[in-house]
Structure formats: C-alpha cells, structure tokens
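Keep in mind that this is a model prediction, so the values were computed, not measured.
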Amino acid sequence: MAFTDHKISAFTHKISDLADQPNLPPDELKARFDACPEQLRVSLNAVCDEAAALDTRVDGIITGSFTGAVAESMLAPELIDKLNAKADQTAVEAETASRQSADSALSTRVSKLESSVPQKARIVYGTYTGDGTENRFVSLGFRPRLVIISQATSMLYYGMFTDMASMIDGTRTVISSYPVHLEANGFRVSQSEYNALSVSNNLNQSGRQYGYVAIGT
C-alpha cells in the first residue's frame, strides 16, 4: 500500500452533522465524539507502519548496493557540487576563526605594550584675567598633574599645585583654603583672600592677570 492510501478526505462521523439538540443515547453520543479522533489514529498508525516497512526496505537496498566506502564517482554530479561547496565553506570558516583568534591575541599584546610604554608629559602655559568669583574654571583639555601660577605682571611666585590639592608658598606648605583644584579637563581657581596661615590665596582677583604652567599626561 502507498502512503496516500491512508489519506483522510473527510471524517465519516462529524460532530457538526448532529442535530442542534441530539437525542441519541449516551453510549452512541460518546461514540460519535470519539469517531473522528479514532479514525485519525487508525490512519496515522497505518502511515507509521508503512514508513517503518519502507525504512527496512531502504536499509536492505543500501546494504546490498554499497559493500565498502562510497566513492565520489558513485554520487550524482549535483550532490558532488554541493558536498564540495560545503567543504570549501567549512575551510573558509575555519580559516576565518583562526584569523580572528590571531587578531584578538595580537590586539591583546599591543594593548599590553601600549600600557607599558611611559606616556609623554604635556606642558601648557597661558594666562587668565581674574573675575573675582570663587569658582573660576580654566580649561586645558586634559587633566593636569601639576600647575604653577603667578601674577603675569611680576615675578611674584604664588604657588605650585598638585593632585594632592596642596600649595607650596615659599618655604611653607599651606594646608587649608586651597585656591586651586585640579580637574579632568583643567583647574579651578578661587579668590579666597587668606587661609589659616594668613598667606594670600587670591588667585582670581578681579581685573588682575595671572600666568600659569600646567603639566599633565
């Protein structure tokens, strides 16, 4: 028998064929509800039996036809082309993966080398005119590590400021009322007149010009 012999064109007993208010005995009514699933079960089982029988016949054909390794000459040309294309694709994918792995390893080595190379220092000098505010920002474009500030019109040495926000004024280290704060892209100056040691910290006096040298990386 063929698979199509088990095709169900229509169910023999459909629920929709019953009256809107069926007056069948309970056993017959339940049989009507089970009829379609049972018909489907029988047909499906028959298809499965036919498939199992076909598998057995195919296995026998393969065993009888191929007693050793399958040679390329035994395959259809279309199948040979597909297999060769698949082999080429696999080789390309393997080579791509290998190159990606090598590129990743090279990138890692380059990153390690770059991190181990000392960075060059950046030195910027310039001037600003005080505006008398308490929070004046001077932009540098990089984070300074050291800033030296003095009046631009004299050789008066005001102070040297580091990341520790400390100021060295002459021979003394000023601990409080820091007039300069180093930030990511520059530094801020204030116009605080005096600190706890009575040392002038005014680095933003209105109208006064100041010069600075900033060193960073």
Side-chain angles (χ1 to χ4, degrees), residues 78-217:
E78 295 81 2
L79 181 56
I80 293 174
D81 292 340
K82 289 182 178 180
L83 292 176
N84 289 338
K86 182 63 176 178
D88 292 341
Q89 180 182 356
T90 301
V92 170
E93 291 176 351
E95 183 178 357
T96 300
S98 178
R99 289 186 177 181
Q100 290 176 344
S101 177
D103 291 344
S104 177
L106 179 59
S107 177
T108 300
R109 292 197 295 270
V110 170
S111 297
K112 289 182 178 179
L113 288 174
E114 289 178 346
S115 62
S116 64
V117 175
Q119 296 183 348
K120 294 182 179 180
R122 301 178 63 179
I123 302 177
V124 174
Y125 62 90
T127 62
Y128 65 91
T129 301
D131 58 10
T133 62
E134 189 65 31
N135 194 26
R136 170 74 177 279
F137 180 72
V138 179
S139 177
L140 299 174
F142 63 92
R143 180 177 181 83
R145 300 298 180 183
L146 174 67
V147 175
I148 301 173
I149 300 177
S150 67
Q151 289 189 42
T153 57
S154 69
M155 295 300 293
L156 180 62
Y157 172 69
Y158 266 81
M160 179 171 63
F161 307 90
T162 68
D163 277 335
M164 300 299 293
S166 62
M167 184 182 85
I168 301 174
D169 182 46
T171 60
R172 291 182 291 183
T173 300
V174 176
I175 300 175
S176 61
S177 300
Y178 301 129
V180 174
H181 297 277
L182 308 187
E183 298 185 4
N185 292 308
F187 61 92
R188 292 186 182 275
V189 292
S190 69
Q191 55 103 29
S192 300
E193 288 291 344
Y194 297 98
N195 60 16
L197 299 180
S198 299
V199 178
S200 177
N201 281 350
N202 192 339
L203 295 179
N204 194 30
Q205 184 175 343
S206 180
R208 178 167 292 181
Q209 192 174 40
Y210 301 88
Y212 65 85
V213 176
I215 301 175
T217 56

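- To the nearest 0.5 Å, the span separating OG1 on T127 from CD1 on I149 amounts to 12.0 Å.
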Report task. Start with the C-alpha distance between Y212 and L140, add both sets of side-chain angles, then the distance that settles side-chain contact (heavy atoms from CB on, under 4.5 Å), and finish with yes or no. Result -> CA-CA 11 Å; Y212 65 85; L140 299 174; 3.7 Å; yes
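- Here CZ of R188 is found 11.5 Å from CG of N204. Values are rounded to the nearest 0.5 Å.
- Rounded to the nearest 0.5 Å, atoms OG (S104) and CZ (R109) are 10.0 Å apart.
- A side chain to side chain contact (heavy atoms under 4.5 Å, CB included) with V147 is found for one member of V124, V138, L182 and no other, namely L182.
- Residue pairs meeting the salt bridge (charged side-chain N to carboxylate O under 4.0 Å, His left out) criterion with at least one member in residues 83-100, sequence neighbours excluded, are E95-R99.
- Here the closest non-hydrogen pair linking A214 and P144 is CB-CB, 4.3 Å.
- Interatomic distance, OH of Y125 versus CD1 of I148, reported as 14.5 Å (0.5 Å rounding).
- A search for salt bridge (charged side-chain N to carboxylate O under 4.0 Å, His left out) contacts involving D131 returns R136, not counting sequence neighbours.
- Here the CD-CZ distance, from E183 to F142, works out to 14.0 Å after rounding to the nearest 0.5 Å.
- Between V189 and F187 the shortest side-chain heavy-atom distance falls below 4.5 Å.
- Between the side chain of S98 and the main chain of A94, no donor-acceptor pair closer than 3.5 Å is present.
- For the atom pair R122 CZ and I215 CD1, the distance stands at 13.0 Å (nearest 0.5 Å).
- Side chain of S101 to backbone of A97: no donor-acceptor contact under 3.5 angstrom is found.
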